[in-house]
Amino acid sequence: MKFSLFVHMERSDPKKPHKELFDELVELTLMVEKAGFETVWIGEHHMMEFTICPNPLNFMAYLAPITKTIRLGLGTIVAPFWNPVRLASEAALVDMMSDGRLDFGIARGAYQSEFDRMTDQMTAKEGGGPLREMIPALQKLWTGDYAHDGEHYSFPTSTAVPRATQKPFPPMWVAAREQESHDYAVENDCNVMVTPLIAGDASIEMACQRFKQACTNHPDKPTPQLLALRHTWVHEETEDWQRGAQALRDWYAYFYAWFKNEQTPKEGFIKPLTDAQMDELPGFGLDELHDNLLIGTPAQVTKRIKHYELLGVTQFSFWSDNGLPHAEKKKSLQLFIDKVMPNFN
């Protein structure tokens, strides 16, 4: 089992400087590198203070010279927002700058509020088309000359300049949910990322079944890696787990407010769903969140991850976004490093 950190700059207080948030993200990255984490992942988001990252490649270009061993993961690039020619070269440049430490995660996107601003009237549900067209185009641009005339992209003979350090190209990861997505990832030589959000371990078990089925369906392909991304808050035996559960309930009040796309943002902020609105959504009782997310003591969290390992998960990603102050995020992460990681080889 390998471990990674999934992190964003997340701003709920307009008085807090963005530079301070950025410095905190860098601190967590250096902290997990020292602890032996495999990867730090940062995802792409636009015009929202909730999760700040207009271009994860910029973060990776900054982190490349101040880190040495940790891999730099795009978690994830949103395919419909990019031109493949530009993306292939920019990613190759960061792979070169980091001496071959880039991991390239890509997804179709989810927030309609972002699609409204980043595309020409495309719906988020239509994002799968550009994603499926983008992946093989990038692979060909990274390996030589390639011209493309497709439904979503068209360009004359092109190639990625500079060349990526990793051959034939940086490891690719696809965010997958349904069987079709798992099959597409395996067929196209991509690793798989699964993100059950607030769902419990049954969702991980189902994802592992779909992943194994996809590998069975494509016996000529090498078995890829499987990453499980989970909200994680580790606490001491004497601490109250409800603080972590309440923080994540509050985090999802913002998440679903953005997802509903019913408000006009004001300087990057919107109002979260009310407690009454959250009570109407299934799965958001504190006891349910405690049971489903990785909220627990080191022993409890270790037991859950051991189960994932037996299911076939090869990388567990500690999702640190939860709206809590930096000091509390850091404390939880340190407990994970000190008391959970040593239980794995």
Side-chain angles (χ1 to χ4, degrees), residues 4 6 41 43-45 73-82 84 103-115 118-119 122-139 150-153 171-231 252 255-256 258-261 281-283 292-294 307-317 319:
S4 60
F6 194 95
W41 299 94
E44 178 181 2
H45 290 291
L74 308 177
T76 54
I77 287 287
V78 182
F81 302 165
W82 287 83
D103 273 59
F104 190 95
I106 190 166
R108 70 177 191 178
Y111 290 110
Q112 185 59 46
S113 58
E114 292 183 315
F115 276 75
M118 299 296 293
T119 68
M122 179 182 289
T123 67
K125 292 181 179 180
E126 295 173 309
L131 171 67
R132 289 187 291 272
E133 193 172 324
M134 173 80 79
I135 288 173
L138 288 173
Q139 293 173 344
E151 179 181 355
H152 301 283
Y153 307 107
M172 298 192 78
W173 297 75
V174 174
R177 186 176 298 273
E178 301 302 327
Q179 185 65 55
E180 179 185 6
S181 300
H182 284 265
D183 278 299
Y184 180 87
V186 175
E187 184 179 7
N188 287 274
D189 300 307
C190 296
N191 301 303
V192 175
M193 314 170 85
V194 295
T195 309
L197 298 178
I198 65 161
D201 287 353
S203 63
I204 296 288
E205 294 164 2
M206 177 61 71
C208 290
Q209 290 176 14
R210 289 171 175 165
F211 176 77
K212 290 176 181 177
Q213 184 61 54
C215 293
T216 299
N217 294 343
H218 302 281
D220 56 320
K221 294 291 184 178
T223 301
Q225 298 182 61
L226 177 63
L227 177 150
L229 171 62
R230 303 247 59 187
H231 285 288
Y252 272 101
F255 175 91
Y256 278 106
W258 278 109
F259 200 79
K260 286 166 73 72
N261 197 29
L281 298 176
N292 289 341
L293 302 180
L294 266 73
H307 178 53
Y308 300 163
E309 187 176 40
L310 289 173
L311 290 171
V313 172
T314 59
Q315 183 175 147
F316 175 81
S317 195
W319 192 355

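V174 places none of its side-chain heavy atoms less than 4.5 Å from the side chain of S181. Contact check for F211 versus P224: side-chain heavy atoms found under the 4.5 Å cut-off. Counting heavy atoms from C-beta outward, V194 and H182 have side chains that approach closer than 4.5 Å. Side-chain contact check for M122 versus P130: some heavy-atom pair is nearer than 4.5 Å. Looking only at side-chain heavy atoms (C-beta outward), T195 and L229 come within less than 4.5 Å of each other. Under the 4.5 Å side-chain criterion, counting only non-hydrogen atoms from C-beta, I198 is not in contact with F255. Side-chain contact between F115 and E126: absent, with no pair of heavy atoms (C-beta onward) separated by less than 4.5 Å. Looking at heavy atoms from C-beta onward, M172 lies out of side-chain contact with D189 at the 4.5 angstrom threshold.
Note that CD of E178 and CE of M206 are 9.5 Å apart. Values are rounded to the nearest 0.5 Å. Atom-to-atom distance recorded for R108:CZ and K125:NZ is 8.5 Å, nearest 0.5 angstrom. Summarising the geometry, atom CG belonging to L311 is positioned 8.0 Å from atom CG belonging to D201; distances are rounded to the nearest 0.5 Å. The distance from atom CD of E44 to atom CD of E114, rounded to the nearest 0.5 Å, is 7.5 Å.
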query = How far apart are the C-alpha atoms of S113 and W258, what are their side-chain angles, what is the distance that settles it, and do they pass the side-chain hydrogen bond (donor to acceptor under 3.5 Å, both in side chains) test?
reply = CA-CA 7 Å; S113 58; W258 278 109; over 6 Å; no
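Among all heavy-atom pairs drawn from C190 and I135, the shortest one is SG-CG2, 3.9 Å. Shown here for P80 and A107, the closest heavy-atom pair between the two residues is CD-O, 4.2 Å.
In terms of modelled atom types and a separation under 3.5 Å, the side chain of R230 and the main chain of N292 share a donor-acceptor contact. The closest donor-acceptor contact from the side chain of Q179 to the backbone of Q213 lies at 3.5 Å or more, if one exists at all. Remark: side-chain polar atoms of Y308 are not paired, donor with acceptor, to backbone N or O of A228 under 3.5 angstrom.
Between Y256 and F259, the two ring planes are perpendicular [angle over 60°; tilted spans 30° to 60°]. Between W319 and H231, the two ring planes are parallel [angle under 30°; tilted spans 30° to 60°].
Aromatic pair F6/F316: ring centres not closer than 6.0 Å.
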